[in-house]
There are 2 protein chains.
Amino acid sequence: MKIGAVSKASGVSQRMIRHYEAIGLIATPARRDSGYRDYSEADAHRLRFIANARDLGFPIGEIRSLLGLWSDAGRASSEVKAIALARAEDLKHKAEALDAMRRTLMDLAVRCHGDDRPDCPIIERIAGGLA
Amino acid sequence: MKIGAVSKASGVSQRMIRHYEAIGLIATPARRDSGYRDYSEADAHRLRFIANARDLGFPIGEIRSLLGLWSDAGRASSEVKAIALARAEDLKHKAEALDAMRRTLMDLAVRCHGDDRPDCPIIERIAGGLA
DNA sequence: CTTGACTCTGACATGATGGCAAACTTTATA
DNA sequence: TATAAAGTTTGCCATCATGTCAGAGTCAAG
């Protein structure tokens with residue numbers, strides 16, 4: 001399989017496939033005489049794993065760990081669970097931070113006339129009116 | 001005021017102050033004979049404005065617009081409100097995306113034994129078991 | 001054989017930020 | 001005052017994931 005095919009099969013862009021290779025997330029694939037990368041089904045599967053992990057919000061470092069756990073048939077499920085729970089916790093914090101900003105903005109927005117008048121509590125707050 | 005002072009006064013790191021200058025978010029400050037940047041209170045205020053906007057989740061491009069609206073005493077509050085509401089909407093989408101990931105992870109985690117046994121629905125799902 | 005589709009490498013960009021290093025200035029202390 | 005410590009300068013590298021672009025070489029089909 002050439003890179004275009006494995007890209008379609010895995011849903012990972014060619015750009016990112018080469019990137020993952022560069023950072024050692026996937027093994028350097030075989031090369032044809034032409035220099036073209038040649039991938040196996042296993043490579044496609046591994047890339048799909050990476051794409052799924054990314055969609056769940058895992059950063060590269062943790063995906064690296066997960067890949068190791070995936071290929072380690074004897075590892076304890078507790079190891080995987082710990083990583084997942086830590087990730088969930090992190091996502092929670094990030095979502096809460098975003099929501100806090102959103103609430104602040106909405107609080108300001110409802111107090112803003114939103115018409116032709118220039119006075120605006122939103123700008124005032126950003127300018128330092130009430131930190 | 002030298003950069004260290006304005007940094008403390010505004011809460012913006014020296015690194016970012018120079019960066020904002022480089023991207024034209026703040027004017028190039030006066031220079032002393034030594035070459036040191038020399039800031040005014042107005043500069044510190046502007047940097048505080050930027051820091052506050054950033055804390056509310058505004059990206060650089062929008063901060064640029066807000067700075068313009070801030071210095072335009074006659075602009076309609078509706079202009080500011082529109083930007084704030086759009087930002088709130090964006091934050092909402094991002095927070096929801098993060099929370100969706102978190103919920104998926106928690107769903108998987110509660111179904112994972114989390115003990116010494118190797119079978120794990122989390123890894124299985126990431127490997128493609130049930131997309 | 002020609003053309004179009006594919007692949008290669010390398011580089012630049014985003015967005016916000018951190019860090020390091022070498023050289024120079026200012027300030028404080030002995 | 002001489003020297004040391006602290007502050008500032010510029011510039012470059014790194015992060016994280018991703019896109020795009022260019023120029024050159026390859027492959028497959030007509």
Side-chain angles (χ1 to χ4, degrees), chain A residues 1-26 28-40 43-44 46-67 87 90-91 94 97-98 101, chain B residues 1-26 28-40 43-44 46-67 87 90-91 94 97-98 101:
Chain A
M1 238 191 309
K2 284 182 291 188
I3 199 169
V6 82
S7 173
K8 277 185 190 166
S10 65
V12 178
S13 71
Q14 299 183 23
R15 176 70 180 77
M16 290 315 294
I17 293 174
R18 297 197 186 96
H19 179 62
Y20 292 151
E21 178 188 333
I23 65 176
L25 208 56
I26 59 175
T28 61
R31 295 285 188 139
R32 300 187 178 179
D33 289 345
S34 61
Y36 284 12
R37 290 174 177 78
D38 205 356
Y39 296 94
S40 66
D43 292 322
R46 189 175 176 91
L47 284 168
R48 241 175 286 132
F49 182 99
I50 294 172
N52 287 333
R54 281 220 48 71
D55 289 345
L56 286 175
F58 287 100
I60 295 295
E62 283 178 24
I63 293 178
R64 211 181 284 271
S65 303
L66 290 171
L67 283 165
R87 182 65 9 225
D90 184 66
L91 289 169
K94 287 181 176 160
L98 259 35
M101 295 188 241
Chain B
M1 239 191 306
K2 285 182 292 187
I3 199 169
V6 81
S7 173
K8 277 184 190 167
S10 66
V12 178
S13 70
Q14 299 185 23
R15 177 72 182 74
M16 290 315 294
I17 293 175
R18 298 197 186 96
H19 179 62
Y20 292 151
E21 179 188 332
I23 64 175
L25 208 57
I26 59 176
T28 60
R31 296 285 188 138
R32 301 188 177 178
D33 289 345
S34 62
Y36 284 14
R37 290 174 178 76
D38 205 356
Y39 297 93
S40 65
D43 291 324
R46 189 175 177 91
L47 283 168
R48 241 176 286 133
F49 182 98
I50 294 172
N52 287 333
R54 280 219 45 71
D55 288 346
L56 286 176
F58 288 99
I60 296 294
E62 283 178 24
I63 293 177
R64 211 181 285 271
S65 303
L66 290 171
L67 283 166
R87 181 68 6 228
D90 184 66
L91 289 169
K94 286 181 176 159
L98 259 34
M101 294 189 244

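Throughout, protein chains are lettered first and strands after them, A, B, ... in sequence-line order, and every chain is numbered starting at 1. Predicted, not measured: the structure shown is a model, and the values here were computed from it.
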Participant: Atom CD1 of Ile63(B) and atom C1' of dT17(C): how far apart are they, to the nearest Å?
Facilitator: 14 Å
Participant: Report the distance from atom CD1 of Ile17(A) to atom C1' of dT7(C), rounded to the nearest whole Å.
Facilitator: 12 Å
Participant: Would Arg87(B) and Asp90(B) pass as an ion pair if we require N to O under 4.0 Å?
Facilitator: yes
Participant: Among dT17(C), dT18(D), dG18(C), find the nucleotide with the atom closest to the side chain of Ser13(B).
Facilitator: dG18(C)
Participant: Rounded to the nearest 0.5 Å, what's the gap from CZ on Arg54(A) to OH on Tyr20(A)? Could you check?
Facilitator: 5.5 Å
Participant: Would you give a per-nucleotide map of nucleotides 8-16 of chain D, 5' to 3', where B means the base has a protein non-hydrogen atom under 4.0 Å away, S means only the sugar-phosphate does, and - means neither?
Facilitator: SBB------
Participant: Can you find a heavy atom in the side chain of Arg64(A) that is under 4.5 Å from one in the side chain of Ile23(A)?
Facilitator: yes
Participant: Tell me: CG of Asp55(A) to C1' of dT18(D), nearest whole Å?
Facilitator: 14 Å
Participant: Decide yes or no for Val12(A) and Ile50(A): does some side-chain heavy atom of the first lie under 4.5 Å from some side-chain heavy atom of the second?
Facilitator: no
Participant: Donor-acceptor pair, Asp43(B) side chain versus Ser40(B) backbone, under 3.5 Å?
Facilitator: yes
Participant: Give the stems involving DNA chain C, where a stem is 3 or more consecutive Watson-Crick or G-U wobble pairs (i with j, i+1 with j-1, and so on) under 3.5 Å.
Facilitator: C:1-30 with D:1-30
Participant: Expressed in angstrom and rounded to an integer, what is the separation of Asp33(B) atom CG from dT26(C) atom P?
Facilitator: 8 Å
Participant: Could you state the CG-C1' distance from Leu47(A) to dT18(D), rounded to the nearest angstrom?
Facilitator: 15 Å
Participant: What closest approach, in Å, do Met101(A) and Leu91(B) show between heavy atoms, and which atom pair accounts for it?
Facilitator: CB-CD1, 3.7 Å
Participant: What is the distance from OH of Tyr20(B) to P of dG15(C), rounded to the nearest Å?
Facilitator: 12 Å
Participant: Can you measure Met1(B) atom CE to dG7(D) atom P for me and round it to whole angstrom units?
Facilitator: 16 Å
Participant: Between Met1(B), Arg32(B), Glu21(B), Lys2(B), which is the residue that forms a side-chain contact (heavy atoms from CB on, under 4.5 Å) with Arg37(B)?
Facilitator: Glu21(B)
Participant: Over how many whole Å does the gap from Leu25(B) atom CG to dT17(C) atom P extend?
Facilitator: 11 Å
Participant: Which distance, rounded to the nearest 0.5 Å, do you find between the CZ of Arg18(A) and the CD1 of Ile3(A)?
Facilitator: 4.0 Å
Participant: Do you know which two heavy atoms are closest between Ala44(A) and Ser10(A), and how far apart they sit?
Facilitator: O-CB, 3.8 Å
